[in-house]
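Letters A, B, ... mirror the listed sequences (proteins, then strands); counts begin at 1.
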Amino acid sequence: MTPVIAMAAARYRYPETDHDALGPVDLAIGPGEWVGVVGPTNAGKSTLCYVIIGLAPQFFGGRLRGEVSVFGSPTASQPVNERSRRAGLLFQNPFTQLSGARERVDEEVAFGPEAHGLPQAEVEERVAEALRLTGLQDLRARHPLDLSGGQLQRLALAALLAMRPELLLLDEPTSQLDPAGSRALFDVLRGLHAAGTTIVMVEHRLEAVAAMCPRVIALGEGRLLADGAPAEVFNRPEVQASAGIPAFARLAALVGKGPPLPVTFESAVEALRG
Amino acid sequence: MAEIVLRSVCFDYSSAVPVFREPGITLALPQAAIALIGENGAGKTTLTKLLNGLLRPRTGSVVVAGTPVAERSVAQMAPVIGYAFQNPDDQLFERTVRDEVAFGPRVMGRPRETVQAAVDRALDLCGLAGQASTHPHDLVLAERKWVTIASALAADPPVVVLDEPTLGQDWAGRERLRALVRALGGQGRLVLVVTHDIDFVAQACDWTVVLTRGLVRYSGRTALAFADEGRMEEAGLELPAGTRLARALGADPAPVGDEAFAAWYRVRPA
Amino acid sequence: MARGLSLYAEGSSPLHRAHPLTKATLTLCAIGLAFILPSWPLVLGVGVALLSLLAAAGVLRRFLFVAAGLLVPITLLLALVQSLANPHNQTVILPLGPLAVHREGLYIGLLAALRIADLVAATFLFSFTTRPADLAEALMQRGLSPRFGYVIQSALQIIPQSLETADRIRDAQRARGLETEGPLPRRARAFIPLLLPLVLSALVATQERAMALEVRGFGLKVGRLARYRIPDSLGQRVLRWGLALAVVAALAARLRGWL
Amino acid sequence: MAWLSAFKFRLNTLGIVLIPVCIAIDWAGHAIASGLRLPLFLDSIGTILGGILAGPWVGGLAGFITNLISSGTIDPIWQRQPRGWIGIWILCFLVASIGSTPLNIGLYQGQSGIPFGDAIYTALVNAHFPTWIAAYVDEAAVDLPDKLITALVAVLIYQGLPRRYRALFRLYQPDDDAEGERSPARA
């Protein structure tokens with residue numbers, strides 16, 4: 001099975017800085033995986049996304065060493081806007097990633113497929129599909145700025161889904177959203193995962209990562225601290241010291257349970273019942 | 001002594017959609033760490049803007065730390081009530097974090113030495129001491145948010161309002177914020193935290209105000225705020241993790257906050 | 001709530017349905033005629049024609065409301081200054097100390113005001129009945145680069161947003177103790193703390209938006225296909241050429257001294 | 001003349017996105033100035049800033065679209081030095097005043113529409129100066145202080161920007177084709 005993302009001794013340094021923001025990192029992510037990325041601020045989580053999608057170094061400049069390939073082709077050889085056919089990146093701020101040039105939700109979603117020069121019938125089909133997947137059908141005629149933060153982030157996601165990406169990167173997608181908005185976004189992601197999309201999600205809500213992602217990687221100062229199942233990763237002391245402890249593990253530790261600490265609600269109920 | 005007193009406050013942006021309708025909001029808040037929670041559009045932001053005169057009530061009176069808001073300009077309220085708004089980019093403009101944090105006390109005309117000391121203290125509290133000479137926009141969003149919190153504290157106001165402070169914070173940031181809110185509440189200040197982060201409320205705030213559709217549905221000890229599940233649902237809120245866990249383990253009433261959870265677990269009926 | 005910087009008013013009049021280029025031609029030709037035609041009855045005629053078109057589009061009342069605030073001060077200033085100072089001034093109507101109100105200047109000032117009224121009416125006729133997106137689309141279908149299409153559409157959207165941001169910034173800085181009222185020096189000092197956060201956050205947003213657009217395939221060198229068809233007709237094409245010819249004819253007549 | 005290379009037409013996605021932003025800053029600057037009741041337009045700060053940041057095409061297009069003056073005729077590298085800043089002011093002032101005068105003559109019989117300037121116009125015409133001179137002085141009297149302060153503010157803002165933004169938007173490098181060291185940014 002060829003990995004969707006393959007990184008070997010990958011290191012990246014922003015221009016005019018004297019240390020690597022990321023790396024060295026070795027990583028392989030296969031098709032259909034849902035990987036949560038955790039770690040403190042400035043651990044290199046966003047940089048990891050930029051390197052995979054190619055914005056680093058293509059947009060930022062700077063220097064990339066080692067090997068990074070996505071769908072088997074090295075990121076350096078392919079412009080970001082061409083890669084957009086197969087891979088999408090959702091940013092933190094739902095507002096700034098809108099085109100800012102469209103007055104309706106459905107027109108905004110159509111922006112990407114149009115930039116790819118798709119025929120009108122196909123654009124419309126894709127827009128309808130993306131709106132359906134994100135639950136925005138009823139809002140299609142609204143002005144984007146009349147949406148709530150959570151709806152706006154789903155719109156940004158729909159705009160990516162209209163390109164039918166096989167790989168979706170999400171850089172702290174819920175950090176500006178309220179709990180209801182986050183729940184709605186996570187529901188969409190569950191559907192995409194079930195349909196086979198490969199997802200890499202940077203997220204601070206450790207409980208959400210533990211509950212949803214079958215695989216978690218923890219970053220610290222640009223390096224891979226841990227890589228594995230959530231129950232395993234969140235029980236590593238070095239991960240707990242930097243990325244933190246999910247709430248249910250904290251409560252279990254408080255009453256003297258573990259190790260290993262339960263990291264999800266269900267496992268905590270079970271562990272604490274005994 | 002109550003620090004914030006609202007009496008029969010009615011407010012509307014346009015007469016068609018009243019935010020706080022007759023007979024208006026009446027609320028007295030003590031010096032403590034206070035959470036203001038409620039669904040989107042419940043009036044949380046409107047309420048905080050009434051506290052310094054950014055919005056003026058149609059009827060009723062607002063008194064903050066003994067100062068009647070109606071008699072002061074917004075800028076004159078600044079020494080009394082400090083704000084950290086949700087989006088740091090709506091206020092950052094100085095070239096260093098230190099200058100940014102000093103801006104408030106400086107425009108209030110405070111003496112240079114006082115400002116220096118207050119700024120150092122605020123930077124320390126917010127974990128920014130090492131970044132005092134960095135450009136605020138060279139920091140990531142979560143750190144920029146800390147700059148606005150430090151700015152609010154630098155004027156040493158008796159009342160502090162933090163709008164969604166936990167958004168985008170990593171685990172360490174949340175822990176620091178929890179310690180800060182607890183400390184401010186313990187110092188005889190009133191810190192009002194507007195938030196959707198119910199776990200944070202359970203961990204950091206002694207007092208909780210639940211606002212739903214422009215009405216105060218609850219104002220009292222946090223420990224009792226989550227007893228009514230219907231009310232929580234109406235406010236679009238989940239239960240805190242510990243409360244949810246204890247409930248699943250059979251607790252009724254369920255404890256709120258880590259200490260209460262541990263205490264309950266130790267003596268729980270088998 | 002109006003979201004874009006657009007005066008567009010929903011409607012179904014023939015003008016609303018006309019091709020954007022037809023309306024653009026109409027507007028430009030009306031402005032051209034207003035400044036080419038030499039005498040006030042003709043300039044007034046252009047104005048009356050524009051007013052009846054505004055009425056036909058159902059936006060006359062809105063036009064009068066918006067235009068009054070714009071045109072009244074301009075008219076007063078033009079009539080005043082030109083009647084006091086114009087090289088053609090000869091006949092004094094009203095002496096005012098060292099100055100005097102003259103008949104010739106008053107006529108010239110009022111004629112200039114009338115032309116400006118025509119210009120304003122023509123511009124509003126266009127913006128009241130044309131969706132900016134349709135104009136950009138029409139221009140792109142005639143070969144305008146999609147990048148410039150983006151610039152036009154985005155500018156119209158972003159200006160009102162930045163004005164909203166400016167309001168939020170004012171709130172935030174006042175809450176920090178910044179006075180925005182009082183004597184001029186104090187107000188002048190408030191300018192930078194009010195403007196600079198907007199500039200900085202706009203640059204942050206620019207960077208993020210540029211990245212997001214790249215990720216969505218913006219700037220790919222592909223043949224761009226029409227987003228939707230904008231109906232045009234033979235009649236409209238004839239009208240566009242007819243209007244252009246009328247302007248050329250008026251110019252020729254004016255130069256030849258026939259008018 | 002190496003600086004002539006600055007006029008070579010090129011715009012990347014960042015430059016394209018920056019143009020409407022500069023226009024918006026123009027508008028916001030004017031809105032804030034009038035909100036504070038300042039006796040100035042201050043409506044071309046974004047245009048000048050765009051010119052300094054990303055070069056003549058961004059500044060020029062922003063200025064053109066805002067229907068205002070263009071800072072687009074100045075080399076951005078030259079602009080980063082103090083003697084250049086006086087140049088920006090003089091140039092903006094000249095472009096604005098010379099550009100506006102024919103428009104004012106055509107539309108407003110030579111008046112600028114600002115009472116202060118129009119008072120000068122009245123005095124000059126009555127002193128038998130030609131209308132075009134009166135029209136130019138009318139406009140210039142309004143533009144001279146306004147463009148001075150506008151250019152000053154824009155330069156101040158530019159200097160206060162974090163280095164990474166100054167570098168990020170720079171489409172024109174002294175060493176233009178150098179790979180790598182394009183822009184510092186953090187993630």
task = Using the six-membered ring wherever Trp is involved, compare the ring planes of C/F63 and C/F124 and label them parallel, tilted or perpendicular (cut-offs 30° and 60°).
result =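 Rings of C/F63 and C/F124: perpendicular, as their planes differ by over 60°.
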Which answer fits [X], side chain, backbone, both or neither, if we ask what part of it has an atom under 4.5 Å from a heavy atom of chain D?
X      : value
C/L196 : side chain
C/L194 : both
C/I169 : neither
C/I158 : both
C/I74  : side chain
C/F35  : side chain
C/L80  : neither
C/L99  : side chain
C/L195 : both

ask   = Would a distance-only check, ignoring hydrogens and angles, find a side-chain to backbone donor-acceptor pair under 3.5 Å from C/E104 to C/Q90?
value =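 Flag set: sc C/E104 to bb C/Q90 pair under 3.5 Å.
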task = Can you measure from CD (C/Q82) to CG (C/N89) and round to the nearest 0.5 angstrom?
result = 8.0 Å
query = With respect to chain C, which residue among D/L40, D/T131, D/L36, D/V17 yields the maximal number of heavy-atom pairs within a distance under 4.5 Å?
reply = D/L36
